[in-house]
**Student:** 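Once you've had a glance at the structure underneath, I'll fire off some questions.
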Amino acid sequence: MERLRTVTPLVEQISIDEAFLDISDLSDKPERIARRLQAGIRDELGLPSSIGIAPNKLVSKIATEVGKKAATKGKPPFALTVVPPGKEAEFLSLLPADMLWGVGPKTSARLNELGIHTIGDIARWPDAELVRLFGENGREMAKHARGQDGRAVVTEREIKSISQEVTFSRDVREDKSIEKTLTDLSVQVGRRLRKNELAGTTVKLKIRWPDFTTLTRQVTLPNTTNNDNEIAETALGLLRKNRKSGQAVRLIGVGVSGLGEPMRQLELWGTDSEKERKLQEVVDELREKYGDKAIKRGK
DNA sequence: TCTGGGGTCCTAGGACCC
DNA sequence: TCTGGGGTCCTAGGACCC
């Protein structure tokens with residue numbers, strides 16, 4: 001990502017190893033920029049990469065995948081795929097429908113039933129019909145199928161929620177063990193919130209039963225929190241309300257949303273919650289320095 | 001892909017308020 | 001006493017993404 005930012009600051013990271021670069025304001029030819037970048041990544045970092053160049057994010061992403069797939073089997077890909085302006089729809093038309101963003105297994109299956117297999121098939125369907133069948137997603141699909149995508153490259157995005165979950169290697173029935181895990185997860189969520197200088201109002205519990213059905217239960221607190229204890233107590237409350245003692249669980253998780261700046265109670269120095277906040281600050285520092293095991297909550 | 005983890009966005013219903 | 005419309009917030013679930 002650092003290497004990418006030497007090309008332009010307009011970098012949108014979309015996963016651990018993928019990003020969009022907006023190079024529309026650079027005077028150099030896009031292909032030259034891409035080749036130079038690819039060579040740099042190879043020579044400086046020893047890594048392969050695939051690049052797609054197109055007038056918008058949607059098409060460039062798909063172009064990247066197409067190039068990557070076409071790379072010689074067993075060899076690391078160094079693909080470069082260019083879709084010039086005006087050629088977007090043509091480029092997409094023969095590709096399978098589920099290569100489109102927003103078309104997952106469910107939508108793909110429904111499209112298949114309608115005899116729609118390629119992106120070109122989607123583009124040929126009336127917009128109104130797609131909207132009727134798929135709602136807002138249908139409207140997006142219609143535009144995307146024609147290669148239209150107006151979304152800008154976004155360099156930073158607001159965090160909307162922070163969560164932690166674990167899948168047990170077996171179904172777990174012991175209340176103690178489940179509650180301990182949930183408490184640990186709450187601590188991790190709290191710590192990540194504080195690290196990002198965030199706090200949230202809504203605590204969500206997630207449970208997966210042995211049959212893989214999933215339940216979520218959330219509650220909105222009167223104030224924002226990033227306090228380990230408060231998150232844990234809230235999550236534990238939801239757990240006790242929604243799970244019978246001894247009932248087997250496959251996955252447990254907790255998340256906090258409704259994020260904003262942590263509440264500072266300046267006028268309440270010396271209150272319990274302020275003491276708690278300062279305590280937590282110290283605990284975070286100790287763990288940062290000496291590791292997770294350095295200090296634990298009693299009781 | 002017999003199924004891990006962390007996210008975002010959308011839909012839909014209900015409560016509540018004006 | 002009943003009816004109406006619109007807006008916002010909350011909750012639950014699901015589709016989808018990497």
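Chain letters run A, B, ... following the sequence lines, proteins first, then strands; residues in each count from 1. Since we're looking at a predicted model, the values are computed, not measured.
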**Student:** Check this for me, if you would: do A:Asp175 and A:Arg243 make a salt bridge, where the nitrogen-to-carboxylate-oxygen distance has to be below 4.0 angstrom?
**Tutor:**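 Looking at A:Arg243 together with A:Asp175, the answer is yes, because their closest N to O distance falls below 4.0 Å.
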
**Student:** For A:Gln188 and A:Arg191, which I'm curious about, is there any donor-acceptor pair between the side chains at under 3.5 Å?
**Tutor:** no

**Student:** Which is more 5' along DNA chain B, the nucleotide nearest A:Ser161 or the one nearest A:Phe168? Just name the residue.
**Tutor:** A:Phe168

**Student:** Looking at B:dT8, C:dT11, B:dG6, which one has an atom nearest to any side-chain atom of A:Lys160?
**Tutor:**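 Of the options given, the side chain of A:Lys160 lies nearest B:dT8.
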
**Student:** Separation of A:Phe212 atom CZ from C:dG13 atom C1', in whole Å?
**Tutor:** 18 Å

**Student:** Atom CG of A:Asp171 and atom C1' of B:dC2: how far apart are they, to the nearest Å?
**Tutor:**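 After rounding, the gap between these two atoms is 14 Å.
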
**Student:** Find which nucleotide of DNA chain C each of A:Lys204 and A:Thr201 is nearest to by heavy atoms, and output the residue with the more 5' nucleotide.
**Tutor:**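 Comparing both residues, the 5'-ward one is A:Thr201.
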
**Student:** Just how far, in rounded Å, is P of C:dC10 from CG of A:Leu238?
**Tutor:** 15 Å

**Student:** In whole angstrom, what separates A:Leu251's CG from B:dG6's P?
**Tutor:**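 Whole-Å distance recorded here is 9 Å.
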
**Student:** Taking the side chain from A:Arg250 and the backbone from A:Phe168, do they hold a donor-acceptor pair closer than 3.5 Å?
**Tutor:**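 Between the backbone of A:Phe168 and the side chain of A:Arg250 there is a qualifying donor-acceptor contact (under 3.5 Å).
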
**Student:** Is the shortest side-chain N/O distance from A:Ser163 to OP1 or OP2 of B:dG6 below 4.0 Å?
**Tutor:**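 Indeed not, no polar side-chain atom of A:Ser163 lies that close.
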
**Student:** Atom CZ of A:Arg151 and atom C1' of B:dT8: how far apart are they, to the nearest Å?
**Tutor:**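 Whole-Å distance recorded here is 12 Å.
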
**Student:** For A:Asp22 and A:Val153, indicate whether the former's side chain and the latter's backbone hold a donor-acceptor pair under 3.5 Å.
**Tutor:** no

**Student:** Do side-chain atoms of A:Glu88 reach the backbone of A:Gln148 as a donor and acceptor pair under 3.5 angstrom?
**Tutor:** no

**Student:** Please report the distance, rounded to the nearest Å, between CG in A:Leu193 and P in B:dG6.
**Tutor:** 13 Å

**Student:** Is it the case that the side chains of A:Asn227 and A:Thr225 hold a donor-acceptor pair, with the cut-off being a distance below 3.5 Å and no angle test?
**Tutor:** no

**Student:** OP1 or OP2 of C:dA15 versus the side-chain N and O atoms of A:Arg110: is any pair under 4.0 Å?
**Tutor:** no

**Student:** Please state whether the phosphate of C:dC10, meaning OP1 or OP2, lies under 4.0 angstrom from any side-chain nitrogen or oxygen of A:Gln218.
**Tutor:**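 A:Gln218 to C:dC10 OP1/OP2: no side-chain N or O under 4.0 Å.
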
**Student:** How close or far is atom C1' of B:dT3 from atom CZ of A:Arg208, stated in whole angstroms?
**Tutor:** 7 Å

**Student:** Indicate whether OP1 or OP2 belonging to B:dG5 is found under 4.0 Å from a side-chain N or O atom of A:Thr167.
**Tutor:**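 Checking B:dG5 against A:Thr167, a side-chain N or O does come within under 4.0 Å of OP1 or OP2.
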
**Student:** Got a list of protein N/O to nucleotides 16-18 of chain C N/O distances below 3.5 Å?
**Tutor:**
from   : atom 1 : to       : atom 2 : distance (Å)
C:dC16 : OP1    : A:Gly104 : N      : 3.1
C:dC16 : OP1    : A:Thr107 : N      : 2.9
C:dC16 : OP1    : A:Thr107 : OG1    : 2.3
C:dC16 : OP2    : A:Pro105 : N      : 3.4
C:dC16 : OP2    : A:Lys106 : N      : 2.9
C:dC16 : O5'    : A:Gly104 : N      : 3.4
C:dC17 : OP1    : A:Gly102 : N      : 3.0
C:dC17 : OP1    : A:Val103 : N      : 3.4
C:dC18 : OP1    : A:Lys61  : NZ     : 2.8
C:dC18 : O3'    : A:Ser15  : OG     : 2.5
C:dC18 : O3'    : A:Glu18  : OE1    : 3.0

**Student:** Taking 4.0 Å as the cut-off, does a side-chain nitrogen or oxygen of A:Arg217 come that near to OP1 or OP2 on C:dA12?
**Tutor:**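 So the side chain of A:Arg217 is within the cut-off, an N or O lying under 4.0 Å from OP1 or OP2 of C:dA12.
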
**Student:** Using O4'-C1'-N9-C4 for purines and O4'-C1'-N1-C2 for pyrimidines, with syn meaning within 90° of 0, is B:dT3 syn or anti?
**Tutor:**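 Here B:dT3 takes the syn form, which means its glycosidic angle is within 90° of 0.
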
**Student:** Could you tell me the Watson-Crick or G-U partner of C:dC18, where both distances fall under 3.5 Å? Say none if there is no partner.
**Tutor:**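 B:dG5 - that is the nucleotide pairing with C:dC18, both distances being under 3.5 Å.
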
**Student:** Phosphate oxygens OP1/OP2 of C:dT11: is one of them under 4.0 Å from a side-chain N or O of A:Thr220?
**Tutor:**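 For C:dT11, OP1 or OP2 has a side-chain N or O of A:Thr220 closer than 4.0 Å.
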
**Student:** Do the side chain of A:Gln218 and the main chain of A:Lys204 share a donor and acceptor less than 3.5 angstrom apart?
**Tutor:**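 No: the side chain of A:Gln218 does not pair with the backbone of A:Lys204.
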
**Student:** Calculate the interatomic distance between A:Glu158 atom CD and B:dG6 atom P; express it in whole Å.
**Tutor:**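 Distance, rounded to whole Å: 21 Å.
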
**Student:** For A:Arg250 and A:Ile159, take the nucleotide of DNA chain B holding the closest heavy atom to each; which residue's nucleotide lies nearer the 5' end?
**Tutor:** A:Arg250

**Student:** Please tell me whether A:Thr181 and A:Asp184 have a donor and an acceptor in their side chains that are separated by less than 3.5 angstrom.
**Tutor:** no

